[in-house]
Amino acid sequence: MLKKKGMFKLGMLLTASSLMLAACGSSDSDSSTGSAGEGEKITKLVAGTEATFAPFEYMDDKGNVVGIDVDILDAMTEELGIEYEIRNVGWEPVFQQVKNGELDLGASGITITDERKETFDFTEPYFEATQVLVVKEDSPITSAEDVKGKKVSVQINSTGHIAAKDLLGETNPDIMAYENLPIAIQEVINGTSEAAIGDNAVVFEYLKNNPDAKLKVIEDDAFAKEYYGFMVKKGNTEVLELLNEGLQKIKENGKLAEITGQELE
């Protein structure tokens, strides 16, 4: 059994250790994202993405996340005079980690929808997109209507997934949802599905990078225009206003149009 003197020293050590751990815990909590504390100026933001969505985000040969969204963030943060970090966490984790505060924002070609706006806040739009069909070159499918009764592959919880549900029915087992769009397209090549539905710019980029895939794109007015925005936790007005300020600056100086090839009002 320890003598009282030993117990006293042990108690002091434990107390000191507890204080150090508490301090470390507080620091980690505050710095899990780049958002400053209340009343402090934001100097760094932490963004999350799913880097298989070229040309918006993908991995280069050195393992860095690159693409249109990264170029936009580069331009915005340069104008704002702040830093940012981008983490490749996966499609669905982006939403969860923004919601629970692990990330300041989602930057992953995220379409602004009414349903998503119930849980998150979005910046002003920075890109216009639409859904398209991807089928084999010899496919008899010529329109969105033609996919009824056929197996369709999509990226899970994407607007392509929503479009498939609108066409085939909310719980139709012919809809096959995958973690990302390249896998969904690969299922068409494999013959597992007869069509994939995905964002136009990403589909065209995939075909450009895979010229031997023997696929074709079908555009259909049945698919409405969509707009991408950066996504933040509901009520996080500080980060939202900062991002909108950055977007406005690069709209006005022409950098946004230069990066995206689009003119948005």
Side-chain angles (χ1 to χ4, degrees), residues 33-36 41-62 64-88 94 98 103-114 116-117 120-132 158-160 181 198-209 217 219 221 223-233 236-265:
T33 64
S35 297
K41 183 180 178 181
I42 295 173
T43 58
K44 180 181 176 181
L45 295 172
V46 181
T49 196
E50 188 270 303
T52 64
F53 204 64
F56 290 91
E57 38 271 322
Y58 57 98
M59 307 297 290
D60 68 10
D61 294 338
K62 297 179 181 179
N64 300 313
V65 181
V66 295
I68 290 173
D69 280 345
V70 177
D71 292 343
I72 293 172
L73 287 174
D74 283 344
M76 288 169 59
T77 52
E78 182 180 351
E79 289 293 328
L80 294 168
I82 63 173
E83 298 179 351
Y84 81 96
E85 172 191 348
I86 190 160
R87 300 174 183 171
N88 181 26
V94 167
V98 169
L103 299 169
D104 292 309
L105 67 143
S108 198
I110 303 171
T111 301
I112 303 166
T113 68
D114 290 339
R116 288 173 181 166
K117 285 195 289 186
F120 302 95
D121 287 331
F122 286 87
T123 62
E124 293 297 314
Y126 64 83
F127 189 83
E128 180 185 299
T130 189
Q131 298 299 304
V132 294
S158 65
T159 45
L181 186 55
D199 294 45
N200 57 343
V202 181
V203 167
F204 285 119
E205 183 74 8
Y206 181 95
L207 295 186
K208 184 180 79 174
N209 294 330
V217 176
E219 299 176 271
D221 291 340
F223 298 123
K225 290 180 180 179
E226 302 175 1
Y227 295 91
Y228 295 168
F230 296 118
M231 180 180 74
V232 305
K233 185 177 181 179
N236 191 348
T237 55
E238 189 177 14
V239 170
L240 185 66
E241 289 173 359
L242 186 66
L243 292 172
N244 275 328
E245 180 186 345
L247 272 175
Q248 187 60 34
K249 285 177 180 290
I250 64 172
K251 281 181 182 178
E252 290 173 354
N253 67 20
K255 286 184 181 179
L256 182 61
E258 182 182 327
I259 293 166
T260 64
Q262 294 183 349
E263 288 279 358
L264 289 183
E265 294 183 3

Under the salt bridge (Lys or Arg N to Asp or Glu O under 4.0 Å) rule, collect the residues that match up with [X], sequence neighbours excluded.
| X | answer |
| --- | --- |
| Lys255 | Glu79 |
| Glu85 | Lys44, Arg87 |
| Glu205 | Lys208 |
| Lys117 | Asp114 |

If the plane angle is over 60° it's perpendicular, under 30° parallel, otherwise tilted; pick one for Phe120 and Phe122. perpendicular
Least distance between heavy atoms, [X] atom then [Y] atom:
| X | Y | answer |
| --- | --- | --- |
| Ser108 | Phe53 | O-CD2, 4.1 Å |
| Ser158 | Arg116 | CA-NH2, 3.8 Å |
| Met76 | Ile250 | CG-CD1, 3.5 Å |
| Ile259 | Ala75 | CD1-CB, 4.1 Å |
| Leu73 | Ala47 | CD1-CB, 4.2 Å |

Are the side chain of [X] and the backbone N or O of [Y] linked by a donor-acceptor pair below 3.5 Å?
| X | Y | answer |
| --- | --- | --- |
| Thr123 | Phe230 | yes |
| Thr49 | Ala51 | no |
| Glu57 | Gly109 | yes |
| Thr111 | Tyr227 | no |

Using the test side chain to side chain donor-acceptor pair (under 3.5 Å), find all partners of [X] that sit at least two apart in sequence or belong to another chain.
| X | result |
| --- | --- |
| Asp69 | Tyr126 |
| Glu78 | none |
| Tyr58 | none |
| Lys62 | none |

Side chains of [X] and [Y]: closer than 4.5 Å at any heavy-atom pair?
| X | Y | value |
| --- | --- | --- |
| Glu128 | Gln262 | yes |
| Leu256 | Ile72 | yes |
| Asn64 | Val70 | no |
| Met59 | Val65 | yes |
| Leu247 | Glu245 | no |
| Leu45 | Leu242 | yes |

Please round to the nearest 0.5 Å and tell me the distance separating atom [atom1] of [X] and atom [atom2] of [Y].
| X | Y | atom1 | atom2 | result |
| --- | --- | --- | --- | --- |
| Lys233 | Leu105 | NZ | CG | 14.0 Å |
| Thr260 | Asp71 | OG1 | CG | 10.5 Å |
| Met231 | Leu243 | CE | CG | 12.0 Å |

Among residues at least two apart in sequence or on other chains, which ones pass side-chain contact (heavy atoms from CB on, under 4.5 Å) with [X]?
| X | answer |
| --- | --- |
| Phe204 | Asn200, Val217, Glu219 |
| Thr77 | Ile82, Tyr84 |
| Glu258 | none |
| Thr237 | Glu241 |

Apply side chain to side chain contact (heavy atoms under 4.5 Å, CB included) to Val94 and Ile110, showing your working. CA-CA 10 Å; Val94 167; Ile110 303 171; 4.2 Å; yes
Does any donor atom in the side chain of Gln131 or Asp199 lie under 3.5 Å from an acceptor atom in the other side chain? yes
